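Take a look at the structure below.
Below, read A as the first sequence line, B as the second, and so on, with proteins coming before strands; counting in each chain starts at 1. Every heavy atom of this structure was used, including side-chain atoms; hydrogens, water molecules and symmetry mates were not. On a predicted model such as this, the values are computed, not experimentally measured, just so you know.
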Number of protein chains: 2
Amino acid sequence: MNAFEVAHAIRADCLCFRARRVARVITRAYDEALRPLGLQATQLTLMSGIAAAGDGGQPMGRLADILAIDAATLSRNLKLIEKAGFAEIGRDPRDKRVRIVRLTGEGELMLHQALPRWQQAQREVVRSLGGDSAGAALCGQFDDATRAVQAAFDF
Amino acid sequence: MNAFEVAHAIRADCLCFRARRVARVITRAYDEALRPLGLQATQLTLMSGIAAAGDGGQPMGRLADILAIDAATLSRNLKLIEKAGFAEIGRDPRDKRVRIVRLTGEGELMLHQALPRWQQAQREVVRSLGGDSAGAALCGQFDDATRAVQAAFDF
DNA sequence: CCAGAATAGTTGCATATACAAGTATCCGAT
DNA sequence: ATCGGATACTTGTATATGCAACTATTCTGG
């Protein structure tokens, strides 16, 4: 088996390559829609994750679990959101190790402003996939794959 | 609609969030298997893309198209592979703008050494997804989605 | 032929990502 | 009560990613 054949064996089936590639392409679509706001798709995801916790605020660890993201990465990404004025990072008085993240008023405003842009990107991507049912199906497949791989690898 | 509701509206359906998350999780599985070689999954993807061109070498632009990756990103990622001694970046004598990338002997050796590690990760991921047919299906869905979004957004 | 447009890469800058190692805090067994 | 391990996050370091602006080269219309 020469290098050419090895390369084709890998490229033909590699899920990692494809998962990353589709993430790049999809991300570009959302980033483009959000660009006028100076917000990246990743940051909107992060802010949604924070706001989804409601008034109690979101503990960092829980956010890391939901996003399946490394705590170190999250720590840094959060700092950017904080520096932009969209979130504040406090402490849990019950457990001083835990950081509780909340959106600021400015952050909530930005979230509202981002909604129609996000909807636009989402709509266009879903349409390109063939419509709502195809979009929902892909959504579910992403979720299923995430869960399956997480379970198998103890992530 | 308050921030909490906006956040849930976005999180409930966002394909960008899910595409990135599944890419993170899957990438970890492959990175872990490749770690003993000091190679990352992204780098193996890159090297496979180079070797897949055969003896003629791969023009950078074509590699960027295949990987759906920004030319600037590719330029830098390639330099790391080159610095590691796994590839050389030459010029196309027919068009001096074009860079032609080839694996070195060392690069081909590394590709061979990586194959069983990649197979192991691929096998475990596919198994976690429910077997070969589920793996192939997900592969196809990643490809279809990549093509669809690329076509819709002129990437 | 030649000037301007198009193409291929590179560089500057910024964010996203992760592992390893470090710090602070908490919890549990003795 | 305390000491040792577990937990939650941060910091150091390195790669991955992309946009904007730049350089070098090629192509194209006149």
Give the rounded distance in Å between these two atoms: CG of L74(B) and C1' of dG9(C). 10 Å
Closer than 4.0 angstrom, basic N to acidic O: yes or no for D144(B) and R147(B)? yes
Quick test: give all pairs of protein nitrogen or oxygen and nucleotides 16-23 of chain D nitrogen or oxygen below 3.5 Å, distance rounded to 0.1 Å.
| unit_1 | atom_1 | unit_2 | atom_2 | d |
| --- | --- | --- | --- | --- |
| dA16(D) | O3' | R20(A) | NH2 | 3.0 |
| dT17(D) | OP1 | R20(A) | NE | 3.3 |
| dT17(D) | OP1 | R20(A) | NH2 | 3.0 |
| dT17(D) | OP1 | R24(A) | NH1 | 2.8 |
| dT17(D) | OP2 | N77(B) | ND2 | 3.3 |
| dG18(D) | OP1 | R28(A) | NE | 3.3 |
| dG18(D) | OP1 | R28(A) | NH2 | 2.9 |
| dG18(D) | OP2 | D70(B) | N | 3.0 |
| dG18(D) | N7 | T73(B) | OG1 | 3.1 |
| dG18(D) | O6 | R76(B) | NH1 | 3.1 |

For the pair R94(B) and D92(B), find out whether any cationic side-chain nitrogen is under 4.0 Å from an anionic carboxylate oxygen. no
Cluster check L80(B), I50(B): I/L/V/M/F/W/Y, side chain < 4.5 angstrom: no
Whole angstroms only, please: what is the CZ-P distance between F86(A) and dT15(C)? 12 Å
Would you kindly give the CD1-to-P distance between I81(A) and dT17(C), to the nearest whole Å? 11 Å
Rounded to the nearest angstrom, tell me the gap between atom CD1 in I89(B) and atom C1' in dG9(C). 10 Å
Could you tell me whether the side chains of Q122(A) and Y30(A) share a donor-acceptor contact shorter than 3.5 Å? yes
So, for W118(A) and C14(B), which heavy atoms are closest and what is the spacing to 0.1 Å? NE1-SG, 3.2 Å
Give every pair of a protein N or O atom and an N or O atom of nucleotides 2-8 of chain C that lie under 3.5 Å apart, one pair per line with the distance.
| unit_1 | atom_1 | unit_2 | atom_2 | d |
| --- | --- | --- | --- | --- |
| dT7(C) | O2 | R97(B) | NH1 | 2.8 |

Thinking salt bridges, do D70(A) and R28(B) make one under a 4.0 Å N-O criterion? no
Step through the shown structure and confirm whether more than 12 heavy atoms of other residues, nucleotides or ligands are within 6.0 Å of CG on D132(B). no
Decide whether T27(B) and R20(A) meet the rule of one side-chain donor and one side-chain acceptor closer than 3.5 Å. yes
Assign K79(A) to base, sugar-phosphate, or nothing according to its heavy-atom contacts below 4.0 angstrom with the strands shown. sugar-phosphate
Roughly, in whole Å, what's the span from CZ in F17(B) to C1' in dT17(C)? 16 Å
Given atom CG of L67(A) and atom P of dT17(C), what is their separation to the nearest angstrom? 9 Å
What is the distance, rounded to the nearest whole Å, between atom CG of D92(A) and atom P of dA24(C)? 19 Å
I want to check one thing: is the phosphate of dC9(D), taken as OP1 and OP2, less than 4.0 Å away from some side-chain N or O of S75(A)? no
Test item: side-chain donor near acceptor, Q58(A) and R62(A), under 3.5 Å: yes
